[in-house]
Every structure is written in C-alpha cells, then in structure tokens.
Amino acid sequence: MELLIQQLLNGMLSGSLYALIALGYTMVYGILRIINFAHGDVLMVGTLIGLSAIHGLQAAFPSLPLEGVLLGAIVIAMAGSGLLALLIERIAYRRLRNAPRLAPLISGIGVSLLLQTLAMLVWSRNPQVFPQLLPMTPIELTAGDATHAPAITNATALATIAVAFLVMIGLLLLVNRTRLGRAMRAVSENPQVASLMGINPNAVVAMTFAIGGALAALAGVMMASNYGSAHFYMGFLPGLKAFTAAVLGGIGNLQGAMLGGLLLGLIEALGTGYLGEWTNGVFGSNYQDVFAFLVLIAVLVLRPSGLLGERLAVRA
C-alpha cells in the first residue's frame with residue numbers, strides 16, 4: 001500500500017506538470033492545427049528567466065522573504081515566456097499558416113535548437129541550482145512497515161499539484177465563459193467567418209501563444225523548484241512527454257490534455273515503481289521514459305484521435 005500511495009503522489013506531481021505544458025500544445029493545435037515543437041524550450045527559457053529574476057530580486061531587495069522573491073520571479077518568468085511565445089508566433093509561424101504542414105514543423109524545430117543554443121550562451125551549459133518553492137521537509141503520509149518505507153511528500157510537491165489544478169480549472173473557465181474564450185472557439189471553428197463577425201484572428205492566435213507560453217513557464221518554475229535545478233536542455237524531454245500527453249487525451253481538446261497529462265504521469269510512476277520492485281531494482285526510474293513513448297505508439301496505433309477526441313471545434 002505504501003508503494004502504491006507513493007507512486008500515485010509521484011504520478012500526480014509529474015502528471016500535473018505534463019498537463020500544464022500539454023495545454024500549450026493543444027491550444028495552438030486547436031486553432032491553427034500546428035504542432036509548436038518549440039514549446040518545450042519556451043518552458044526552459046521561462047524557467048531560466050525566473051532563476052535570473054530570483055537573483056536580481058534578492059540583490060535588489062535583500063530583506064524580501066524567499067516566498068515573495070519566488071512569487072515575483074514566477075510572474076516575471078510567465079511574462080517573459082508569454083512575450084517569447086508571441087515573438088515565435090510572429091516570426092516563425094504567422095507566414096506559414098497556409099503552408100504545407102511540414103513547413104511549420106521544421107520551423108518549430110529550428111526555433112527549438114536556436115533557443116537551446118542561445119540559452120547555453122546566456123546561462124551556460126552547466127545546471128543551475130534552483131531554490132525550492134516551499135520547505136522540503138518530508139511529510140509522512142503512511143507509517144510504513146518492515147518491507148516498505150513510508151509514503152512521503154513535501155509542501156512544494158503538494159503546492160505544485162494544487163496550483164496546477166487551479167490553473168487548469170481557470171483556463172477551462174477562460175475558454176468556456178469569457179469573451180476571449182468565445183473568440184478562440186470561433187477562430188478554431190472557422191477563422192474566415194470569425195473575422196467577418198469582428199474577431200481579429202491574428203490577435204486571438206497571438207493571445208493563445210502567449211497564454212500557452214505563460215503556462216509553460218509556470219510549469220517550468222514549479223518543476224525546477226521541485227527538482228532543484230535548471231539548465232538549457234531541461235525543456236526537451238518534458239516537451240516531448242507533454243506532446244505525448246496531448247495526443248493521449250486528444251490533441252486540440254483542453255480536457256483531453258489535462259487527462260492525458262495526469263494519466264501519463266501515473267503510468268510512468270506506477271510502471272517504474274512496480275517494475276523496479278519486481279526486478280529488484282534492475283529496472284527502475286531510469287526506464288520511466290520508455291513508458292511515455294510506448295503510450296505514444298499505442299495511442300497512435302489504436303486510437304489516433306485520443307481518449308476524448310481530437311479537436312475542440314470541427315471546421316466545416
């Protein structure tokens with residue numbers, strides 16, 4: 001039981017982060033039918049901007065408590081990533097909306113490599129220490145026994161899961177209950193008709209990229225705070241896994257991205273936890289990436305539209 005609870009907690013933590021990142025993929029695809037493969041590196045740049053903001057705020061306001069410094073850094077990171085996503089949309093994607101699908105894909109890969117190189121030059125190739133959001137004091141959830149250690153967590157992990165769920169609920173309310181959300185759904189269904197109704201498709205697309213970039217930065221800062229480090233290559237693998245989560249849930253479907261992220265995190269955690277126990281540690285956490293991409297292959301073969309369907313809106 002202790003192992004199950006521990007792996008469920010681990011899966012909820014990683015799954016909630018995957019879900020936040022996957023929302024950026026699925027929002028852009030839902031409107032443009034473009035996979036933004038630079039999205040993971042937007043996460044990386046946002047996280048490193050947040051780290052620089054932490055150092056700057058601590059130098060400028062030495063009496064400011066760490067919680068205040070981290071909150072300010074999160075806001076700066078989200079703003080920086082949102083602006084970066086706007087720039088990427090304007091330069092790399094806007095002129096390619098009506099191009100063959102391979103063109104924006106190649107453009108996104110090029111932007112991804114460019115961002116990694118620039119980040120390596122600015123922040124160096126060495127991993128940077130990232131402060132924890134909250135104290136990492138272990139919180140025991142079970143007593144444990146002679147064969148299993150107790151299930152433990154910490155305040156940073158619990159806060160990460162709570163914030164991720166609140167942000168996902170807020171995004172659903174934004175899309176379904178606000179004027180901007182109605183404009184997004186209209187452009188997703190038919191951008192030409194939406195423009196005839198007074199909606200500016202370019203502005204809606206730009207706002208969608210900005211929101212996705214801000215969510216990626218939030219996920220990156222929480223991820224770095226949980227694991228204690230940030231580096232120029234940190235966005236690549238989480239970006240691929242978030243894309244897998246979006247495909248699993250149904251790319252273009254917000255609820256699907258959330259469900260896919262959580263399921264992927266749980267599959268990874270439960271698979272590695274029990275596989276490691278059954279093989280006496282021969283197979284363990286080093287193989288967790290295998291589960292993510294086995295899921296991707298299985299979904300593409302068995303249910304290409306994902307668990308909840310592919311699109312938020314079906315164009316006529």
Side-chain angles (χ1 to χ4, degrees), residues 13-29 34-52 77-78 80-82 84-85 87-89 92-93 104-130 160 164 209 212-248 251 257 260-261 264-265 267-269 272 285-297 299-300:
L13 174 60
S14 56
S16 60
L17 293 173
Y18 294 156
L20 280 181
I21 307 168
L23 287 170
Y25 280 112
T26 209
M27 289 173 67
V28 170
Y29 184 87
I34 287 175
I35 302 297
N36 177 19
F37 272 114
H39 189 62
D41 294 290
V42 173
L43 173 150
M44 173 270 297
V45 172
T47 306
L48 292 172
I49 288 174
L51 181 60
S52 297
M78 293 178 69
S81 278
L84 176 61
L87 186 64
I88 291 172
E89 186 275 330
Y93 290 120
L105 176 66
I106 295 172
S107 180
I109 294 172
V111 171
S112 173
L113 296 174
L114 174 64
L115 291 178
Q116 289 180 25
T117 303
L118 291 176
M120 183 177 61
L121 293 174
V122 173
W123 286 283
S124 86
R125 64 171 60 246
N126 300 318
Q128 310 288 315
V129 176
F130 202 100
T160 298
F209 269 83
L215 293 180
L218 176 62
V221 169
M222 293 193 297
M223 183 186 303
S225 182
N226 274 280
Y227 301 123
S229 68
H231 52 88
F232 78 98
Y233 201 64
M234 66 175 290
F236 178 73
L237 194 56
L240 284 180
K241 290 184 179 181
F243 172 67
T244 302
V247 173
L248 172 61
I251 193 163
L264 184 62
I267 290 169
E268 279 189 353
T272 55
S285 59
N286 293 332
Y287 292 84
Q288 71 177 29
D289 300 337
V290 173
F291 290 96
F293 298 112
L294 284 177
V295 168
L296 177 60
I297 293 169
V299 171
L300 291 175

Check your understanding: Could you state the interatomic distance from CG (Leu264) to CG (Leu17), rounded to the nearest 0.5 Å?
Key -> 11.5 Å

Practice item. Mind running side chain to side chain contact (heavy atoms under 4.5 Å, CB included) on Phe209 and Asn36 for me, showing each step along the way? Key: CA-CA 9 Å; Phe209 269 83; Asn36 177 19; 3.8 Å; yes

Check your understanding: OG1/Thr160 to CG/Asn226 distance, rounded to the nearest 0.5 angstrom?
Key -> 4.0 Å

**Study point:** Contact summary for Ala77 and Ile49, nearest pair of heavy atoms
**Key:** CA-CG2, 4.1 Å

Study note, to complete from the structure: Between Ala119 and Met44 the two heavy atoms that sit nearest each other are CB-SD, 3.4 Å

Exercise for review: Write down the atom of Met78, the atom of Ala214, and the distance for their closest heavy-atom approach.
Suggested key: CG-O, 3.5 Å

Practice item. Kindly compute the distance separating CG (Leu51) from OG (Ser229), expressed to the nearest 0.5 Å. Key: 10.0 Å

Review point. Which atoms form the tightest heavy-atom contact between Gln116 and Phe232, and what is the distance?
Key: O-CD1, 3.6 Å

**Study point:** From CE (Met223) to CG (Leu43), nearest 0.5 Å
**Key:** 5.5 Å

Check your understanding: So Leu115 and Leu84, side chain to side chain contact (heavy atoms under 4.5 Å, CB included) or not? Walk me through it.
Key -> CA-CA 10 Å; Leu115 291 178; Leu84 176 61; 4.1 Å; yes

Check your understanding: Taking all atoms of both residues into account, what is the closest heavy-atom pair of Ser14 and Gly265, and its distance?
Key -> OG-CA, 3.6 Å

Review point. Side chains of Val221 and Phe130: closer than 4.5 Å at any heavy-atom pair?
Key: yes

Practice item. Might you work through the side chain to side chain contact (heavy atoms under 4.5 Å, CB included) test for Asp41 and Val111, ending with a clear yes or no? Key: CA-CA 9 Å; Asp41 294 290; Val111 171; over 6 Å; no

**Study point:** Any donor-acceptor pair under 3.5 Å from Ser81 side chain to Val42 backbone
**Key:** yes

Exercise for review: Ignoring hydrogens and angles, tell me if any N or O in the side chain of Thr117 forms a donor-acceptor pair with the backbone of Leu113 under 3.5 Å.
Suggested key: yes

Exercise for review: Before giving the answer on side chain to side chain contact (heavy atoms under 4.5 Å, CB included), spell out for Met234 and Thr47 the whole-Å C-alpha distance, their side-chain angles and the decisive distance to 0.1 Å.
Suggested key: CA-CA 9 Å; Met234 66 175 290; Thr47 306; 3.8 Å; yes

Point to revise | Check: His39 side chain, Ile21 main-chain N or O, donor-acceptor pair, under 3.5 Å | key: yes

**Study point:** Shortest non-hydrogen contact from Ala85 toward Gly213
**Key:** CB-CA, 4.1 Å

Check your understanding: Between atom NE2 of His231 and atom CE of Met120, what is the distance when rounded to the nearest 0.5 Å?
Key -> 13.5 Å

Practice item. Assign the ring pair Phe37 / Tyr25 to parallel, tilted or perpendicular, where the plane angle (0 to 90°) is split at 30° and 60°. Key: perpendicular

Review point. Hey, what do you get for CD1 (Ile35) to OG1 (Thr26), rounding to the nearest 0.5 Å?
Key: 8.0 Å

Point to revise | Under 3.5 Å donor-acceptor, Gln128 side chain and Trp123 backbone | key: yes

Review point. Residues two or more places apart in sequence or in another chain: which of them pass side-chain contact (heavy atoms from CB on, under 4.5 Å) with Ile267?
Key: Phe291, Val295

**Study point:** Sidechain-backbone polar pair: Ser107 side chain, Ala92 backbone, donor-acceptor under 3.5 Å
**Key:** yes

